[in-house]
Number of protein chains: 2
Amino acid sequence: MKINEVSKKYHIASDTLRYWERVGAIPAVTRDSAGYRNYDNEDLDWVSFAMCMRDAGVSVEYLIDYISLFKQGKQTVQARKELLNDQLEIVSARLAKMQKSYNKLKYKVDHYEKIDKDYEGKMGKH
Amino acid sequence: MKINEVSKKYHIASDTLRYWERVGAIPAVTRDSAGYRNYDNEDLDWVSFAMCMRDAGVSVEYLIDYISLFKQGKQTVQARKELLNDQLEIVSARLAKMQKSYNKLKYKVDHYEKIDKDYEGKMGKH
DNA sequence: ATAAACCTTAGAGTGGACTTTAAGGCAAGA
DNA sequence: TCTTGCCTTAAAGTCCACTCTAAGGTTTAT
């Protein structure tokens, strides 16, 4: 699968795909004889993984660390698992915070007319 | 309440509080005779609101638009409510996306040993 | 009275994550 | 064969949201 097809299928800029590969947020992508990227299933799995992590708010730097461990092979399985677990907790906290914010926002919208004081507190009535 | 007290109470940098006010992401804060910021309850409500929105992933630019409408008074109530509703939907979508990512990540961690193929696919066995 | 610890502003600097540009190679259709 | 459109890299540029610096005014404690 060429980069532009991947871009369309996954709704992600091809520039971003190249960027992720360049900095090491995904492992090196398979190439064809012309040197063009030719994403196989495994490459696509890494793209999905990176997108998933980014959607969850995980930093590119973290992805780089993770992939770096992955490239070092089996002996890093435990370290990788721990890294994932750390991120899992962070994501979970972020999710809870967002949920709380969403609820507050929802409440505000639902009670808008009642809540709004419309600057009268500061501007005085006129 | 002075800026540093607000900073400590809300766990937010005073630079950020000044920045939000400067760009108009919150309305102008009450000042004392020396020109120092002296946050009253209403000012604090705006700080909470901005923090809540930022936590939900809402952009500073959106906050500026919202506060701009607010400053124009009662005739913008409907427009503001619509803006909030738009953001509510966007936040809701982001939340769902994050939840999905979290679930995938959780699954990956829980099944780590089974899932990991450890680069053998590409590097061959040795 | 004077030093330490606050506060102010304008403007410059930073970090993260892309995104664009420049200069060029490859491939498929007319 | 030529043109259109894809692909490549390295490097520079952009955008967002802060964050810091410089230069100076105020308040508080000794």
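Per chain, numbering begins at 1; letters A, B, ... match sequence-line order. If you're wondering where the values come from, they're calculated on a predicted model, not measured in any experiment.
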Q: Is it possible for you to say whether V29(A) and V60(A) belong to one hydrophobic cluster, with membership spreading through side-chain heavy-atom contacts below 4.5 Å?
A: yes
(Q) Using 30° and 60° as the class boundaries, would you call the ring planes of F49(A) and Y66(A) parallel, tilted or perpendicular? (A) tilted
Q. Any side-chain heavy atom of W20(B) sitting closer than 4.5 Å to one from L63(B)?
A. no
Q.
Rounded to whole Å, how long is the line connecting atom CD1 of I12(A) with atom P of dC18(C)?
A. 7 Å
Q: Specify the separation, in whole Å, of atom CZ of R18(A) and atom C1' of dT9(D).
A: 9 Å
**Q.** Nearest-Å distance for atom pair CG/P, residues N4(B) and dT27(D)
**A.** 16 Å
Q: Encode nucleotides 18-25 of chain D as B, S and - characters from 5' to 3', where the letter depends on protein heavy atoms closer than 4.0 Å: B to the base, S only to sugar-phosphate, - to neither.
A: BBB----B
Q. When the nearest nucleotide of DNA chain C is assigned to S59(A) and to I3(B) on a heavy-atom basis, which residue is associated with the more 5' position?
A. I3(B)
Q | Closest-nucleotide 5' rank along DNA chain D - winner of V58(B) and S33(B) | A | V58(B)
Q) Which whole-number value in Å describes the distance from L17(A) CG to dC7(D) C1'? A) 14 Å
(Q) Within this structure, what is the CG-CD1 distance for the pair D45(A) and I26(A), rounded to the nearest 0.5 Å? (A) 11.5 Å
Q. What's the CD-P distance between E5(B) and dA5(C), to the nearest Å?
A. 17 Å
Q.
Just to be sure I understand the rule, does S14(B) reach a base, reach only the sugar-phosphate, or reach nothing, if contact means heavy atoms closer than 4.0 Å?
A. nothing
Q) Going by distance alone, is a donor N or O of one side chain under 3.5 Å from an acceptor N or O of the other, for T30(B) and D43(B)? A) yes
(Q) Strictly below 4.0 Å: does R31(A) bring a side-chain N or O up to OP1 or OP2 of dT9(D)? (A) yes
Q. Taking for each residue the nucleotide of DNA chain C bearing the nearest heavy atom, is the 5' side occupied by A34(A) or by G35(B)?
A. G35(B)
Q: Take atom CE of M53(B) and atom C1' of dA17(D), then tell me their distance rounded to the nearest Å.
A: 16 Å
Q | side chain to side chain donor-acceptor pair (under 3.5 Å) partner of N103(B), the single match among Q99(B), K106(B), K100(B) | A | Q99(B)
(Q) Whether R37(A) contacts dC7(D) is assessed here as follows: a side-chain N or O lying under 4.0 Å from the phosphate OP1 or OP2. Is that the case? (A) no
Q) Does any N or O in the side chain of R54(A) come within less than 3.5 Å of the main-chain N or O of V58(A), such that one atom is a donor and the other an acceptor? A) yes
Q.
What is the separation between atom CE on M51(B) and atom C1' on dA17(D), rounded to the nearest whole Å?
A. 15 Å
Q.
Output the rounded distance in Å from CG (L63(B)) to C1' (dC16(D)).
A. 13 Å
